[in-house]
Amino acid sequence: MCGIVGYTGREDASPVLLDGLRRLEYRGYDSAGIVVAQGGTFTLAKSSGHVARLDELTRGGRDLPGNIGLGHTRWATHGQPTDTNAHPHISDGGKIAVVHNGIIENYARLREFLRSKGMSFQSQTDTEVATNLIAYFYAESGDILSAVASAARRMEGSYALGIMCEDMPGTLIATRRENPLVLGFGDGCNYLASDVAAILLHTRRVIRLADFEIAALTADSVTLYTGELDKLEREPETIEWDVSAAEKGGYEHFMIKEIMEQPEVVRKTLSPRIRNGEIILDGAEITDEYIRALSRIYIVACGSASYAGVVGKYSIEKLARIPAEVVFASEFRYCDPVLNANTLVICVSQSGTTADTIAAMREAKARGAKVLSIVNVVGSTIAEESDWTLYTWAGPEICVASTKGYSTQLALLYVLALRFARAKNTLSDAQFSEAVAALLVLPDKMEETLGLREELQYLASQYFSRDDMYYIGRGTDYALCLEACLKLKEISYIHSEAFAAGEMKHGPIALINRERETLVVAVATNRGLVDKTVSNIIELCSRGARVITVTTQSARTVIEGNDDIRGETVAVSDFYEAFLPSLAIIPLQFFAYYTALALGRDIDKPRNLAKSVTVE
Ligand code: M6R
């Protein structure tokens, strides 16, 4: 939700921090700040707005010399995105500097307590409370490590904290609870960051801090402690990601780069899971007996991940005949789900740190269900705490709007549906082999579908100025509409809604306005449902709508040959029907992207959003 970066070494810290913050901006971009120390004295710069503004303000960091520092890019939770509320925060008395990602839930009580001890506050943030709490314990003990440990014991909620103390020049302290923090090992320098992307340019050797652990970093050492301050030994792991995966690589935006990467990452995600015509679930060695005993599956996720779940529900029910239900993670605990040992909960999350999904996962486990997670970020909370974890190998997804994350989630949901189908014998050998063969060629078919890019760019240029756009479809086509509609609204800010095509006549059709020639995007790829969706399209056109229909090559003629339909047609290849959503989503992603581009939006960093939503 916020991005943290820290450096201690022999070089100037500011340029390293500014570069790291630019790479972390996907986590929040309301305001940014850095604190650097020289000979123990803090110099601070912070401002509302993007990191670029901070960069300008500090002349690329030249105004803040010093070999140790912390940086922060914020997604505001407590208090508006003002300069004062921006991090880092400095404690009352000036000894402690802190950057924070997360929410201190009992901040109001702690603030009262600290005020009663005579401490004062400048900002509205919970972070300043954490800062003063550490300062309070530091004043008592004179030991920064025990001050951090004491503060951590009193803070409720979630946090990743980077801390500097004026009396310990050269040392960074870090701790976390439910928010990611990695420590990076350099040569004569060390780093901390919310995400490896921030430090990958400098080092590939990292340790992921676990909940409640505390770390002390100097230029030459990294020391790990438990929350009780017992020393810990842990070897760093090596990150295999290609640095260029977190760069734009010549593309104008991460979003278009990530759309174009989809065939490749889906190939990476699928290939280790298919061996000699069978499905292998590496990381999820589920037995046939367990699958056969399943009475229900819940797919629990947020945003795009939940819409991938809707496609997954259709695949699982169609191929494996297990009842499946999709629930928003933010609602899961409140719908009092009926869970037992025969219920599987599938949590889907690109980041693996979404607070709502974490809470739902824990609720499911507490109620006796097993949790299988589909996660992209290795070592993230959801990945670590689930009974089984399947990684999507999408690489770093930087654009706030998910594209390749979503596509790799779809791929793994198909894989799961087939694994379940095999265990339950719901497909004949021939049907199973046909499905596996389709999965193997899916990345090639996606590659081919990327060829629609220019067509969609043209269509976006025709329609980008509309105030509203609606999406309709049936079955998995409806599931795709949910995702396509979210994509459009989050990056273009155009008002948009997705409807099950058959529902239009029950109310939403009143939205169609003849004078404004309301634009509707219809998805009609499902062979058995095309005729029904065509009827709905005609109902809309006869009331003045203009319709872009996304369909298959074979159904294209049905639509183009119908004089009652006004609009354009976009066709993807005919393909194995259960996996067609992976093709049909591509033109819809292009449409959202080029519409937002034509409107001059900040595509990779849309307003009010953040990539990793670590608050409930
Ligand atoms: O990291 P997660 O997959 O758990 O994130 C879930 C949603 O926050 C995410 O999909 C969000 O809806 C994206 N902005 C969609 O593009």
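The basis for the numbers below is simple: all heavy atoms, side chains too, and nothing from hydrogens, waters or symmetry mates. Whatever order the structure lists ligands and atoms in, that order sets their numbers, starting from 1.
- The N/O atoms of V400, backbone and side chain alike, include one that comes under 3.5 Å of an N/O atom in ligand 1.
- F464 is linked by a ring pair (Phe, Tyr, Trp, His ring centres under 6.0 Å) to nothing, counting only residues two or more places apart in sequence or in another chain.
- Of all atoms in ligand 1, numbered sequentially from 1 with element shown, those under 4.0 Å from a heavy atom of A401 are 16 (O).
- For the atom pair OG1 (T175) and CD (E213), the distance works out to 8.5 Å, reported to the nearest 0.5 Å.
- Salt bridge annotation for D468-K489: absent, with no cationic side-chain nitrogen under 4.0 angstrom from a carboxylate oxygen.
- A distance below 6.0 Å separates the ring centres of Y290 and W388.
- The structure places OH of Y334 at 14.5 Å from CZ of F328, a figure rounded to the nearest 0.5 Å.
- Between the side chains of T403 and Y593, no donor-acceptor pair of N or O atoms lies under 3.5 Å.
- Among the atoms of Q409, none of the N or O lies under 3.5 angstrom from an N or O of ligand 1.
- Ion pairing between a basic and an acidic side chain is recognised when a charged N comes within 4.0 Å of a carboxylate O; E261 and K404 show such pairing.
- Although no hydrogens or angles enter the test, the distance criterion places no donor-acceptor pair under 3.5 Å between the side chain of T269 and the main chain of T392.
- In this structure, D126 contributes its side chain and I104 its backbone to a donor-acceptor pair below 3.5 Å.
- Heavy-atom proximity to S351, at under 4.0 Å, picks out these atoms of ligand 1: 1 (O), 2 (P), 4 (O).
- Taking a cut-off of under 4.0 Å to the non-hydrogen atoms of S304, the atoms of ligand 1 that pass are 10 (O), 12 (O), 15 (C), 16 (O).
- In terms of protein heavy atoms, atom 3 (O) of ligand 1 is closest to Q350 N, 2.6 Å.
- Per-residue contacts place S402 under 4.0 angstrom from the following atoms of ligand 1 (heavy atoms of the residue considered): 15 (C), 16 (O).
- At a 3.5 angstrom cut-off on N or O pairs, K611 does not count as close to ligand 1.
- When only non-hydrogen protein atoms are considered, atom 7 (C) of ligand 1 lies nearest to C302 O, 3.6 Å.
- Residue K487 has at least one heavy-atom neighbour below 4.0 Å for each of these atoms of ligand 1: 15 (C), 16 (O).
- Interface atoms of ligand 1 facing A305, defined by a heavy-atom separation under 4.0 Å, are 3 (O), 10 (O).
- Ligand 1 lies nowhere less than 4.0 angstrom from a heavy atom belonging to L609.
- Given atom 8 (O) of ligand 1, the protein heavy atom at minimum distance is V613 CG2, 4.0 Å.
- The distance from ligand 1 to the heavy atoms of E490 drops below 4.0 Å at these ligand atoms: 13 (C), 14 (N), 15 (C), 16 (O).
- Ranking protein heavy atoms by distance to atom 4 (O) of ligand 1, first place goes to T354 OG1, 2.4 Å.
- Between the side chains of Y29 and R74, not a single donor N or O lies within less than 3.5 Å of an accepting N or O.
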